[in-house]
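Each remark here refers to the structure printed beneath this line.
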Amino acid sequence: MSAFRIYRAPDRVLVQQDDNWFQPDSFSFDALFQASDAEALLVSSAGNWPRLSVDTIPEDGELLPPLETQEVWAAGVTYLRSRVARMEESEEAGGDRFYDMVYDADRPELFMKATASRAVGHRQAVSVRSDSTWDVAEPELTLAINRSGRIFGYTVGNDMSSRDIEGQNPLYLPQAKIYRNSCALGPALVIADPPHRNTPIRLTLERNGSVVFSGESALHQIKRPFENLVHYLFLENNFPVGCYLMTGTGIVPPSDLSLQSGDRIKIEIETIGRLENCVE
């Protein structure tokens, strides 16, 4: 399978195929997500795109999220570490048993994460809620899914969460998850073979130039197959321009560490990319 990386810069779209770089005169993420075969569409289109030499790596600058009008959804409690953390944060409110049950249930936890207007890209600012006291970044492999429910690409996702709000009551989940600049995607949409199950996911948090947390997990630690998550997402639902799906996190910082304005978040998934954001 040919590997493509699609970057959405503020003023243009750049497409990388191996060592070749292209700058399409026009490019539509919506059309790509609507295509039955995204790779074939890119291969046929690349022959008509102007080639260029790129002497500055796109990740060195600010990038927009690689989407157009796609919704971003998310799955929860897909890793054992996430299950434990969610049970701990909601124990006092009596919601811990719900997270324990969903981890082993046939039906996964799925929720709306962001519309396109609430998503940010690489080196753009993510936000923490002013009414929250415990805010975390959640590093997640994110699936690009076409309108027919086929996984065709991948990107790095940051599912910002207000854990104290979520822990007060499971019904507060939308407020803990969905707010302005609560979702980051990037740096590129990668269309390639699926990442290996041993692929590591790394999270680093920096404050005032020093690392205050670093953690690592691997894709093989996820409990549910990606196809199972997509099946339930598309069950009795439709996505005319496709969608993104965050697949959950296996990295949870300690409860005494909450993100602050000025912190820097770095998420790296080997073969997919490194997503960086500052906190506002």
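- Taking 4.0 Å as the cut-off between side-chain N and carboxylate O, Glu138 and Arg163 do not count as a salt-bridged pair.
- For the pair Val128 and Ser162, the minimum side-chain heavy-atom distance is 4.5 Å or more.
- Between Pro108 and Arg224, the closest side-chain pair of non-hydrogen atoms falls below 4.5 Å.
- A side chain to side chain contact (heavy atoms under 4.5 Å, CB included) with Val13 is found for exactly one of Phe22, Phe27, Trp49, namely Phe27.
- The two residues Met246 and Cys183 have their closest heavy-atom pair at CE-SG, 3.6 Å.
- Under the side chain to side chain contact (heavy atoms under 4.5 Å, CB included) criterion, Ala38 pairs with Leu32, Phe152, Ile191, not counting sequence neighbours.
- Both Phe239 and Ile178 are members of a single hydrophobic cluster when ILVMFWY side chains are connected at heavy-atom separations under 4.5 Å.
- Between Asp159 and Ala74, the shortest heavy-atom contact is OD2-CB, 4.4 Å.
- The shortest side-chain heavy-atom distance between Pro253 and Leu205 falls under the 4.5 Å cut-off.
- In this structure, Arg274 pairs ionically with Glu276, as a charged nitrogen and a carboxylate oxygen lie closer than 4.0 Å.
- Figure legend: Arg129 and Tyr179 shown as a cation-pi pair, the cationic atom lying under 6.0 angstrom from the six-membered ring centre and within 45 degrees of its axis.
- The 12-atom threshold is not exceeded at CG of Asp106, counting heavy atoms of other residues, nucleotides or ligands nearer than 6.0 Å.
- In this structure, the ring of Phe29 has its center no less than 6.0 angstrom from the ring center of Tyr244.
- Residues Met112 and Leu110 share a hydrophobic cluster, clusters being chains of Ile/Leu/Val/Met/Phe/Trp/Tyr side chains in contact below 4.5 Å.
- Taking both residues in full, the closest heavy atoms of Gly215 and Ile251 are given as O-CD1, 3.6 Å, listed atom of the first, atom of the second, then distance.
- Criterion: ILVMFWY side-chain heavy atoms under 4.5 Å apart, direct or through other members. Under it, Leu219 and Ile145 are part of a common hydrophobic cluster.
- One hydrophobic cluster holds both Tyr79 and Trp73 under the rule that ILVMFWY side chains link at heavy-atom gaps under 4.5 Å.
- Heavy atoms only, all atoms of each residue included: Leu185 and Pro66 are closest at O-CD, 3.7 Å.
- A single hydrophobic cluster is not seen to contain both Leu64 and Val15; linkage of ILVMFWY side chains at heavy-atom distances under 4.5 Å, directly or through other members, places them apart.
- A donor atom on one side chain and an acceptor atom on the other are not found under 3.5 Å apart for Lys223 and Thr78.
- Of all heavy-atom pairs between Ile267 and Pro139, the closest is CG2-CB, 3.4 Å.
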Practice problem: Begin with the C-alpha distance, continue with both residues' side-chain angles, and end with the deciding distance and a verdict on side chain to side chain contact (heavy atoms under 4.5 Å, CB included) for Asn277 and Arg264. | Solution: CA-CA 6 Å; Asn277 299 101; Arg264 300 200 66 83; over 6 Å; no

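- No side-chain N or O of Gln124 forms a donor-acceptor pair with one of Asn181 less than 3.5 Å apart.
- Of the N and O atoms on the side chains of Ser127 and Glu280, at least one donor lies less than 3.5 Å from an acceptor on the other residue.
- The existence of a salt bridge linking Arg202 and Glu270 is confirmed by a sub-4.0 Å separation between a basic side-chain nitrogen and an acidic carboxylate oxygen.
- Residue Tyr172 belongs to a hydrophobic cluster whose other members are Ile165, with links defined by side-chain heavy atoms closer than 4.5 Å.
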